[in-house]
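Quick notes on the structure that follows.
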Amino acid sequence: MPHGELGRIFGRFLDTGEPVAVTAYDGSVIGDQNCPHKLHIRSPMALSYVLSAPGELGLARAYVTGHLDISGDLYAVLRALTAVIDGLSTTEKLWVLRQIGSRYLRPVHVPVEEAPGRARRVLRGLRHSKARDSVAIARHYDVSNRFYELVLGPSMAYTCACFPEPDSTLEQAQFHKFDLVCRKLGLRPGMRLLDVGCGWGGMVAHAAEHYGVQALGVTLSRQQAQWAQKDIVARGLADRAEVRHLDYRDVTETGFDAISSIGLTEHIGARNLPSYFRLLASKLRPGGRLLNHCITRPHTYEPSRTGPFIDRYVFPDGELEAVGTIISAMQDNGFEVRHSENLREHYARTLTAWCANLDANWTEAVREAGVQRARVWALYMAASRLSFERHKIELQQVLGVKVDDRGNAGMPLRPDWGV
Ligand SMILES: C[S@@+](CC[C@H](N)C(=O)[O-])C[C@H]1O[C@@H](n2cnc3c(N)ncnc32)[C@H](O)[C@@H]1O
């Protein structure tokens, strides 16, 4: 039986069958307290955050500031909370907000210094101009290379891995993902590869090392480029691989045999997809291939902007399109589409592994990036895992060819790039 006043308000709804319990600062306890996964409402400020921005933003702020806390597995708590919230009617949601608003919090007040990232919120300039993109990218990627090492592990790959077997490790799956991209692109020794949005250089190094190509990668993150340049030298690949701190729109070379774009399209924006694909097509020789790997949303009628939590605290200006939109934009701007594959279950597994890495390295991650940032990453990765599992988002790899003047694509009759 729930007790405590908050317990009486929330207890009505917390019967989802999910293994989760709640405690609150007023002594309320709800659910089986032996359950390993618990949500703790530490102070009335947690409720202030929720009331000031009902929905994911308020809940996220309450968690990031520690007024809402969890013990056990964040993902398990999030899944239970999502099940509860999804099960509530609008009338029930309003009833809960009215109950906590009228009893506890008058007036609702969120101190500026407590609203995480508030000062970081405003991005100036035209959305997806080069200047604004470079600020947006620095906010997410120029956090600390060490922090990313702790989360991503030795591969330093920050995109969906591809697990050849259910029990493959993250490292094996990241190797397999880059290899799959190389095979889809038909890379052979001596070819020239451009990798746009290259991160810490994982694809560039893999293609140069295992396929003998001449690889150029570009990233808008200065810290990523510095890390990748050192890694390339350390791996003895400096004669074949190069990473530049550069906007993909400023690459001057042309005539590439292949282009990979792994996790960049989310930063492009719907409006710019035509010019993005046109530019990539102009960089390829006739018969050259593009592999576009990105997160998509399942339906064209959903908004492409990410939710307020992701937009403000994680990926400013990120946008997700439906795979149909990506394919149409490729077709209309220089590519024949040859293959499309959805790897969303693989992204859920990848995120599970990143969450486990962050958990295992929590103390050092907090020392490196601060507790609020570590909490933002923990929350966004657990929430994203849930979104892939529940088919709120997908991961699509689309292969296109710039056919030659006679319509030749140079593809094998039955491509076999394995699993
Ligand atoms: C999710 S990360 C993926 C990194 C890498 N491809 C991987 O698989 O690990 C997205 C990358 O896109 C880059 N990026 C975003 N906008 C860019 C732009 N306009 N020009 C070049 N790189 C960009 C970021 O700097 C980052 O390296």
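Computed from a prediction, not measured in an experiment: that's the story for all the values here. In each ligand, atom 1 is the first atom listed, and ligand 1 is the first ligand listed.
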> Parallel, tilted or perpendicular for Phe315 and Tyr141, by the 30°/60° rule?
Replying inline: tilted
> Below 3.5 angstrom, do we get any N/O pair linking Thr219 and ligand 1?
Replying inline: yes
>> Are any of the N/O atoms on Tyr248, whether in the backbone or the side chain, positioned under 3.5 angstrom from an N/O atom of ligand 1?
In response: yes
>> With the threshold set at under 4.0 angstrom, would you say Lys177 reaches ligand 1 through any of its heavy atoms?
In response: no
> Is the closest basic N to carboxylate O distance between Arg297 and Glu394 below 4.0 Å?
Replying inline: no
>> Would Thr159 count as a polar contact of ligand 1, with the cut-off being nitrogen or oxygen pairs under 3.5 Å?
In response: yes
> Taking atom 11 (C) of ligand 1 as the point of reference, which of Ser134, Ala136, Gly197, Cys160 owns the nearest heavy atom?
Replying inline: Gly197
>> Could you tell me, atom by atom, which parts of ligand 1 come under 4.0 Å of a heavy atom of Gly199?
In response: 4 (C), 5 (C), 27 (O)
> Do Gln224 and ligand 1 have an N or O pair less than 3.5 Å apart?
Replying inline: yes
> For the residue pair Trp227 and Tyr148, is the inter-centroid distance of their aromatic rings smaller than 6.0 Å?
Replying inline: no
>> Using 0.5 Å steps for rounding, measure from the CD atom of Glu266 to the OG atom of Ser261.
In response: 8.0 Å
> Which atoms of ligand 1 are found less than 4.0 Å from any heavy atom of Leu264?
Replying inline: 12 (O), 14 (N), 15 (C), 16 (N), 17 (C), 23 (C)
> Of all the heavy atoms in Cys198, does at least one lie under 4.0 Å from an atom in ligand 1?
Replying inline: yes
> Could Lys38 and Asp73 be called an ion pair, given the rule that one side-chain N must be under 4.0 Å from one carboxylate O?
Replying inline: no
> Below 4.0 angstrom, N of the basic side chain to O of the carboxylate: do Arg289 and Asp257 qualify?
Replying inline: no
> Just heavy atoms, cut-off under 4.0 Å: does Tyr141 contact ligand 1 by side chain, backbone, both, or neither?
Replying inline: side chain
> According to the interplanar angle, ranging from 0 to 90°, do the rings of Tyr158 and His140 count as parallel (below 30°), tilted (30 to 60°) or perpendicular (above 60°)?
Replying inline: parallel
> Do Phe163 and His176 make the cut of ring centroids closer than 6.0 angstrom?
Replying inline: no
> How close does the nearest protein non-hydrogen atom get to atom 22 (N) of ligand 1, and which residue and atom is it?
Replying inline: Leu220 N, 3.3 Å
> If you measure from atom 9 (O) of ligand 1 to every heavy atom of Tyr158, Tyr276, Phe178, which option wins on shortest distance?
Replying inline: Tyr158
> Any salt bridge between Lys184 and Glu341, counting N to O under 4.0 Å?
Replying inline: yes
>> Just to confirm my output: which protein heavy-atom neighbour is closest to atom 3 (C) of ligand 1, and how far is it?
In response: Ile262 O, 3.4 Å
>> I'd like to know whether the aromatic ring centres of Tyr276 and Tyr248 sit less than 6.0 Å apart in this structure.
In response: yes
>> Strictly below 4.0 Å, N to O, side chains only: are Arg42 and Asp69 in salt-bridge contact?
In response: yes
>> Out of all atoms in ligand 1, which are within 4.0 Å of some heavy atom of Arg249? Include the element for each.
In response: 19 (N)
> Less than 3.5 Å between some nitrogen or oxygen of Ala157 and one of ligand 1, yes or no?
Replying inline: no
> Taking the non-hydrogen atoms of Ile137, is any one of them nearer than 4.0 angstrom to ligand 1?
Replying inline: yes
> Which of the atoms in ligand 1, numbered in the order shown and given with their element, are less than 4.0 Å from a heavy-atom of Leu246?
Replying inline: 20 (N), 21 (C)
> Below 3.5 angstrom, do we get any N/O pair linking Gly263 and ligand 1?
Replying inline: no
>> If we only consider heavy atoms of Ile268, is any one of them less than 4.0 Å away from an atom in ligand 1?
In response: no
> Non-hydrogen atoms of Asp247 versus ligand 1: any pair closer than 4.0 Å?
Replying inline: yes
> If you measure from the Lys or Arg side-chain nitrogens to the Asp or Glu carboxylate oxygens, is any gap between Glu364 and Arg146 under 4.0 Å?
Replying inline: yes
